[in-house]
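Structure, as C-alpha cells:
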Amino acid sequence: MRSYLFVPGDSARKMEKGLGSGADALIVDLEDSVAPGAKEEARRVTADFLARARDAASRPRLFVRVNALDTGLTDADLDAVMPGGPDGIVLPKTVGGPDVTHLGAKLAVREAEYGLGDGITRILAIATENARGVFALGTLAGASHRLMGVAWGGEDLSADLGAETNRREDGAYADPYRLARSLTLLGAAAAEADAVDTVYTNFRDMEGLAAECREARRDGFVAKMAIHPAQVPVINEAFAPSPGEIAKARAIVDAFQANPGLGVVAIDGQMIDMPHLKRAERLLRRLG
C-alpha cells in the first residue's frame, strides 16, 4: 500500500467520496476529526459504512482510527466497528509494544465474538505523537503478529513538546521531528513492519508534497498518509515502483533462486549480494 487517506468518521459523504479517491487504504477517523460530543454518532456512521463497503468488488483497504487507549473510549469504538470486519485498526498515540499487544488482545476477543478470522485484523501504530512514544519505538519488535505498519506524527508531537511550530522557516522539519522520523524508520525495520510517512498538512501545495514523498521513499518509507483526496495521486505516483525497478527486483530474486548456494551473484556486470536480495524481496511483496 502506498497511500492512506483519512476521512472523518461522522461524514458518510466523505467516506463515499474516499472510496473513489484512488487511495490504497482509507482511515476512517473516530479520533481527532470527531468532536467529543459526536463520538457516538460517528461510531454509528462508521459501522454503517463498513457494512456497506466491506463486500464491494473493488475497494481500498478499510482501516479505522480509534481513540487512544488512555482515553477510555477505545472499547466503545471497537465494539461499534469490529462487527463490520475492518481490515485494520489505526492506534494513535501508541506508546511502544505494550500498547500494540494490548490492542491485539482486544481485537482477538472481538474477532472470536463476531466470527472473524483469528488475526485477520491488522494494526497500524502511530508511534511518535508524544515523547513517551518516541522513546518506546524500540519495543515494537515482537509486540504482535498483527503489526503491519508504523507511522510517525509531527503535529501531536509538537503539542506534547510545547513547540511553537514543527517546521523551520525553509519548510523543512525542525530537528526534534527529523529525529522522530528517523527513529520511526528504525523502529519499523526492527519490527519488520512498513514505515509510513506522516501527513503533509498544506493540501494545496502539491510540489511540496511531491518533494516530501520523494525524500521519504529515498530513506525507506513505503507509504504516506493523506488528509485530502487531491493528495492521493501524488502519493501513489511517488511510491509506486517503476517497471524497471520491478524487473530488476525480479531478476535479482530469480538469480538467487537459480543459485541457492551463493551469497553473491552477478547481474549485468554488477555484483549483487544479500542486502540487494532483501530489498528486492521487499519491493515485490509490496506489489501484493
Side-chain angles (χ1 to χ4, degrees), residues 1-69 71 73-92 103-104 106-126 146-149 151 194 196 199 203 223-236 239 286-288:
M1 289 185 287
R2 304 157 296 175
S3 52
Y4 293 80
L5 174 64
F6 280 103
V7 290
D10 57 355
S11 175
R13 179 183 64 82
K14 290 183 179 179
M15 293 180 203
E16 295 296 335
K17 185 176 180 181
L19 288 175
S21 67
D24 293 329
L26 297 186
I27 300 177
V28 182
D29 187 24
L30 297 178
E31 194 211 15
D32 284 348
S33 65
V34 178
K39 298 289 187 183
E40 189 59 38
E41 174 65 9
R43 294 182 187 118
R44 184 192 66 77
V45 173
T46 298
D48 289 346
F49 171 72
L50 291 173
R52 294 194 311 272
R54 180 179 60 179
D55 296 327
S58 178
R59 63 165 176 82
R61 300 282 183 90
L62 301 175
F63 285 68
V64 177
R65 180 165 71 171
V66 297
N67 289 277
L69 290 172
T71 64
L73 300 173
T74 314
D75 285 329
D77 292 342
L78 293 174
D79 287 340
V81 305
M82 284 300 290
D87 296 299
I89 297 296
V90 177
L91 182 62
L103 176 60
K106 292 178 181 293
L107 295 177
V109 170
R110 288 166 176 84
E111 285 172 344
E113 182 176 356
Y114 300 124
L116 303 172
D118 181 41
I120 197 171
T121 314
R122 310 305 298 278
I123 295 174
L124 171 61
I126 306 182
R146 300 174 184 272
L147 183 65
M148 50 74 63
D194 288 344
V196 180
V199 298
F203 60 86
K224 190 172 180 65
M225 298 183 292
I227 58 170
H228 193 281
Q231 295 179 319
V232 170
V234 176
I235 294 171
N236 283 348
F239 286 97
R286 284 165 49 200
L287 300 178

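All values reported here derive from a predicted model rather than from experimental measurement.
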Handout entry: Closest non-hydrogen atom pair between Leu26 and Ser21, with its separation
Key = CD2-OG, 4.3 Å
Handout entry: Gap separating the CG atom of Leu107 from the CG atom of Leu91, nearest 0.5 angstrom
Key = 9.5 Å
Practice task
Just do the side-chain contact (heavy atoms from CB on, under 4.5 Å) check on Leu30 and Lys39 with the steps written out, would you?
Solution key: CA-CA 7 Å; Leu30 297 178; Lys39 298 289 187 183; 5.7 Å; no
Fill in the blank from the handout: Rounding to 0.5 Å, atoms NE2 (His228) and CG (Leu5) come to a distance of 9.0 Å
Practice task
Looking only at non-hydrogen atoms, find the nearest pair between Ala23 and Ser3 and report the distance.
Solution key: CA-OG, 3.4 Å
Practice task
For the residue pair Asp24 and Arg61, establish whether any side-chain heavy-atom pair is separated by less than 4.5 Å.
Solution key: no
Handout entry: Main-chain N/O of Asn236 paired to Lys224 side chain as donor or acceptor, under 3.5 Å
Key = no
Fill in the blank from the handout: In short, Met225 meets Ala151 closest at the heavy-atom pair CE-CB, 3.9 Å
Fill in the blank from the handout: Heavy-atom nearest pair, Gly104 first then Ile123, reads N-CD1, 4.0 Å
Exercise for the section: Would you please name every residue forming a salt bridge (charged side-chain N to carboxylate O under 4.0 Å, His left out) with Arg44, sequence neighbours left out? Expected result: Glu41, Asp48
Handout entry: Asp118: side chain to side chain contact (heavy atoms under 4.5 Å, CB included) partners, not counting sequence neighbours
Key = Glu111, Arg146
Problem - Stepwise side-chain contact (heavy atoms from CB on, under 4.5 Å) test for Val28 and Leu62 - result: CA-CA 7 Å; Val28 182; Leu62 301 175; 5.6 Å; no
Practice task
Quick one: sort the Tyr4 and Phe63 rings into parallel, tilted or perpendicular, breaks at 30° and 60°.
Solution key: perpendicular
Problem - Nearest-0.5 Å distance, CZ of residue Phe6 to CD of residue Glu31 - result: 8.5 Å
Practice task
Keeping the roles fixed (side chain from Thr46, backbone from Gly9), state whether a donor-acceptor pair exists under 3.5 Å.
Solution key: yes
Completion exercise
In terms of heavy-atom contacts, Pro92 and Val90 come closest through CD-O, 3.4 Å
Practice task
Hey, could you give me each pair passing ring pair (Phe, Tyr, Trp, His ring centres under 6.0 Å) that has a residue in residues 13-54? Not counting sequence neighbours.
Solution key: none
Taking distance alone, no hydrogens or angles, what donor-acceptor pairs closer than 3.5 Å link side-chain atoms of residues 73-85 to residues at least two apart or in another chain?
residue: Thr74; atom: OG1; partner: Asn67; partner atom: O; Å: 2.9
residue: Thr74; atom: OG1; partner: Ala68; partner atom: O; Å: 3.0
residue: Asp75; atom: OD1; partner: Lys106; partner atom: NZ; Å: 2.8
residue: Asp75; atom: OD1; partner: Arg110; partner atom: NH2; Å: 3.3
residue: Asp75; atom: OD2; partner: Lys106; partner atom: NZ; Å: 3.4
residue: Asp77; atom: OD1; partner: Arg43; partner atom: NE; Å: 2.7
residue: Asp77; atom: OD1; partner: Arg43; partner atom: NH2; Å: 3.2
residue: Asp77; atom: OD2; partner: Asn67; partner atom: N; Å: 2.8
residue: Asp77; atom: OD2; partner: Asn67; partner atom: ND2; Å: 2.8
residue: Asp79; atom: OD1; partner: Arg110; partner atom: NE; Å: 2.9
residue: Asp79; atom: OD1; partner: Arg110; partner atom: NH2; Å: 3.1

Handout entry: Minimal non-hydrogen separation, Gly88 against Thr121, with atom names
Key = CA-CG2, 4.0 Å
Fill in the blank from the handout: Value for CD1 (Ile27) from CD1 (Ile227), rounded to nearest 0.5 Å, stands at 12.0 Å
Practice task
Find out whether Val45 and Met15 are in side-chain contact, i.e. whether some heavy atom of one side chain is under 4.5 Å from a heavy atom of the other.
Solution key: yes
Exercise for the section: Kindly write out the residues that satisfy salt bridge (charged side-chain N to carboxylate O under 4.0 Å, His left out) with Asp87, not counting sequence neighbours, or none if the list is empty. Expected result: Arg59
Problem - Pairs where residues 8-17 contributes a residue and the test side-chain hydrogen bond (donor to acceptor under 3.5 Å, both in side chains) is met, not counting sequence neighbours - result: Glu16-Arg52
Exercise for the section: Mind checking the CG-CZ spacing from Leu147 to Arg122? Nearest 0.5 Å is all I need. Expected result: 8.0 Å
